[in-house]
*Asks:* 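Can you read through this structure? Questions will come right after.
Note: hydrogens, waters and symmetry copies are ignored here, and every other heavy atom, side chains too, is used.
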Amino acid sequence: MEETRVSVERVNAQAKQKFLTGVYGWMFLALVVSAATAFFTASNTSMVKLLFSNGFIMILALGEIALVWWLSASIRKISMQSAVIGFITYSVLNGITLSSILLYYTGASVASVFITCAAMFGIMSLYGLTTKSNLMSAGRYLMMGVIGIIIASLLNIFIRSNTLDWLVSVVTVVVFTGLTAYDSQKMLAVSRRADGSEMFKKAAIIGALELYLDFINMFLALLRLFGRRK
């Protein structure tokens with residue numbers, strides 16, 4: 001009886017570890033794909049002209065939003081293969097839109113901000129995975145912060161205030177730093193129920209997408225605050 005219990009605990013621990021490894025593995029892959037796509041796009045003059053002279057970049061941005069919505073809404077129904085294709089496609093599209101930062105900021109500042117963001121993300125994610133504090137109650141306040149950031153960003157398109165832009169960037173760093181810890185703890189909670197099934201494999205992709213978005217939003221906000229322009 002004791003051996004059976006130990007065996008079950010070992011299987012559960014392995015499923016938990018596999019789920020968390022999948023979440024961070026998929027996220028890392030998405031960052032690599034986006035970075036490679038961004039560098040390739042920025043170094044291709046014809047692609048840059050196509051994207052930024054005809055407003056095609058806005059179509060891609062809308063496509064990204066639609067793809068995230070589709071993945072989140074359909075994850076229970078679609079196959080694992082479809083989830084992977086959708087996730088990688090989103091990484092590529094986001095890499096294309098992110099290529100603009102390589103045209104606007106110096107390579108050295110992009111690299112230094114990326115390293116800073118990676119360190120912040122790693123610390124907050126580790127905190128979310130190890131803290132005994134329950135961060136779940138903070139989730140709704142952080143999401144309210146995201147809504148506020150979106151509204152303020154849309155407003156600033158029309159008023160073009162440097163002060164508001166700076167304030168939005170600061171709030172974005174704070175909010176997505178908090179969301180990194182919150183989402184990490186949420187993934188830890190999900191991992192405790194993981195059983196290695198396809199549903200949890202797809203859940204790992206959604207978890208990776210959430211953490212990827214936390215990282216990217218934090219990175220872009222830090223770049224607006226500290227990046228050096230060409």
Side-chain angles (χ1 to χ4, degrees), residues 16 19-20 22-24 26-28 30-31 34 61-62 64-78 83 86-87 90-91 94 116-159 161 163-195 199-225:
K16 173 183 174 181
F19 176 82
L20 290 175
V23 169
Y24 287 94
W26 282 116
M27 179 204 162
F28 178 76
L31 289 175
S34 293
L62 292 174
E64 288 182 54
I65 296 173
L67 192 51
V68 168
W69 177 85
W70 174 76
L71 273 173
S72 300
S74 307
I75 193 65
R76 292 181 178 275
K77 302 175 184 177
I78 61 177
F87 183 68
Y90 176 79
S91 304
N94 202 37
T116 301
C117 182
M120 291 174 60
F121 179 91
I123 291 171
M124 293 309 296
S125 187
L126 182 62
Y127 172 75
L129 292 172
T130 58
T131 183
K132 294 182 179 179
S133 301
N134 189 345
L135 304 178
M136 295 300 105
S137 59
R140 61 177 175 271
Y141 297 108
L142 292 169
M143 290 310 300
M144 288 171 61
V146 172
I147 294 172
I149 290 168
I150 294 172
I151 294 173
S153 298
L154 292 174
L155 177 64
N156 205 35
I157 293 176
F158 302 100
I159 65 177
S161 169
T163 301
L164 181 57
D165 183 65
W166 179 85
L167 182 60
V168 168
S169 297
V170 171
V171 173
T172 299
V173 172
V174 173
V175 168
F176 281 96
T177 298
L179 277 173
T180 296
Y182 166 77
D183 286 333
S184 297
Q185 189 176 81
K186 185 171 66 174
M187 290 304 104
L188 180 63
V190 174
S191 73
R192 295 190 179 106
R193 304 191 299 273
D195 57 9
M199 188 64 248
F200 279 97
K201 290 178 181 178
K202 293 188 292 183
I205 291 180
I206 291 298
L209 177 61
E210 292 179 355
L211 290 174
Y212 172 87
L213 291 173
D214 293 339
F215 185 98
I216 292 297
N217 280 286
M218 196 192 312
F219 168 67
L220 292 176
L222 287 169
L223 195 59
R224 288 195 298 271
L225 289 170

*Asks:* So which heavy atom on Phe121 is nearest to which on Met27, and how close?
*Replies:* CZ-CE, 3.4 Å
*Asks:* What verdict does the side-chain contact (heavy atoms from CB on, under 4.5 Å) test give for Leu31 and Ile216, after you've listed the backbone C-alpha separation in whole Å, the side-chain angles of each residue and the deciding distance to 0.1 Å?
*Replies:* CA-CA 9 Å; Leu31 289 175; Ile216 292 297; 4.0 Å; yes
*Asks:* Taking all non-hydrogen atoms of both residues into account, name the closest pair between Val23 and Ala208 and its distance.
*Replies:*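 Closest pair (atom of Val23, atom of Ala208, distance): O-CB, 3.2 Å.
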*Asks:* Applying side chain to side chain contact (heavy atoms under 4.5 Å, CB included), name anything that partners Val174, two or more places apart in sequence or on another chain.
*Replies:*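 Here no residue qualifies.
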*Asks:* Nearest 0.5 Å please: distance from the OG atom of Ser125 over to the CG atom of Asp183.
*Replies:* 9.0 Å
*Asks:* Taking all non-hydrogen atoms of both residues, which atom of Ala181 and which atom of Tyr127 are closest, and how far apart?
*Replies:*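 The pair with the smallest heavy-atom distance is CB-CD2, 4.0 Å.
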*Asks:* What do the steps show when you test Met124 against Asp214 for side-chain contact (heavy atoms from CB on, under 4.5 Å), and what is the final call?
*Replies:* CA-CA 11 Å; Met124 293 309 296; Asp214 293 339; over 6 Å; no
*Asks:* Just wondering, are more than 12 heavy atoms of other shown residues or ligands nearer than 6.0 Å to CE in Met136?
*Replies:* yes
*Asks:* Kindly compute the distance separating CE (Met187) from OG (Ser184), expressed to the nearest 0.5 Å.
*Replies:*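 Atom-to-atom, Met187:CE and Ser184:OG are 8.5 Å apart.
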*Asks:* Considering residues at least two apart in sequence or located in another chain, which fulfil the ring pair (Phe, Tyr, Trp, His ring centres under 6.0 Å) criterion with Phe87?
*Replies:*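 With sequence neighbours excluded, Phe87 shows a ring pair (Phe, Tyr, Trp, His ring centres under 6.0 Å) to no residue whatsoever.
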*Asks:* Under the side-chain contact (heavy atoms from CB on, under 4.5 Å) criterion, do Val146 and Phe176 qualify, and how do the steps go?
*Replies:* CA-CA 8 Å; Val146 172; Phe176 281 96; 4.1 Å; yes
*Asks:* Which atom names give the shortest non-hydrogen contact between Ile75 and Ala83, and what distance separates them?
*Replies:* CD1-CB, 3.9 Å
*Asks:* Is there a donor-acceptor pair under 3.5 Å between the side chain of Asn217 and the backbone N or O of Leu213?
*Replies:* yes
*Asks:* So which atom in Ile78 and which in Lys202 form the shortest heavy-atom distance, rounded to 0.1 Å?
*Replies:* O-NZ, 2.7 Å
*Asks:* Tell me whether the count of non-hydrogen atoms from other residues, nucleotides or ligands lying under 6.0 Å of CH2 in Trp166 goes above 12.
*Replies:*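 Count not over threshold, so no.
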*Asks:* Side-chain contact test, heavy atoms from C-beta onward, threshold under 4.5 Å: evaluate it for Val168 versus Thr172 and give yes or no.
*Replies:* yes
*Asks:* Could you tell me the separation between the CG atom of Leu67 and the CD atom of Glu64, rounded to the nearest 0.5 Å?
*Replies:* 8.5 Å
*Asks:* Just so I know, are the side chains of Leu188 and Lys16 near enough to count as touching, which here means a heavy-atom distance under 4.5 Å?
*Replies:* yes
*Asks:* So, taking the atom named CD1 in Ile157 and the one named CG in Asp165, what distance separates them when rounded to the nearest 0.5 Å?
*Replies:*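 That separation rounds to 11.0 Å.
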*Asks:* I'd like to check Leu211 versus Trp26 (side-chain heavy atoms, cut-off strictly below 4.5 Å). Are they in contact?
*Replies:*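 Result no, sub-4.5 Å side-chain heavy-atom pair not found.
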*Asks:* Atom CG in Leu209, atom OG in Ser72: separation rounded to 0.5 Å?
*Replies:*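 Rounded to the nearest 0.5 Å, the CG-OG separation comes to 6.0 Å.
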*Asks:* For residues Thr180 and Phe215, determine if any side-chain heavy atom of one lies less than 4.5 Å from a side-chain heavy atom of the other.
*Replies:*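 Not in contact.
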*Asks:* Which atom pair, heavy atoms only, marks the closest approach of Ala221 to Ser169?
*Replies:* CB-O, 3.5 Å
*Asks:* Distance only, no hydrogens: is a donor on one side chain within 3.5 Å (strictly under) of an acceptor on the other, for Tyr212 and Ser34?
*Replies:* yes
*Asks:* Can you establish whether the number of heavy atoms outside Lys201 located under 6.0 Å from its atom NZ is more than 12?
*Replies:*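 No, because the 6.0 Å sphere around NZ of Lys201 holds 12 heavy atoms or fewer from other groups.
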*Asks:* Would you mind reporting whether Leu179 and Met143 have side-chain heavy atoms less than 4.5 Å apart?
*Replies:* yes
*Asks:* Please report the interatomic distance CG(Leu164) to CD1(Ile159), rounded to the nearest 0.5 Å.
*Replies:*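 If we round to the nearest 0.5 Å, Leu164:CG and Ile159:CD1 are 5.0 Å apart.
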*Asks:* Test side-chain contact (heavy atoms from CB on, under 4.5 Å) on Asn134 and Gln185; report intermediate values, then the result.
*Replies:* CA-CA 8 Å; Asn134 189 345; Gln185 189 176 81; 3.8 Å; yes
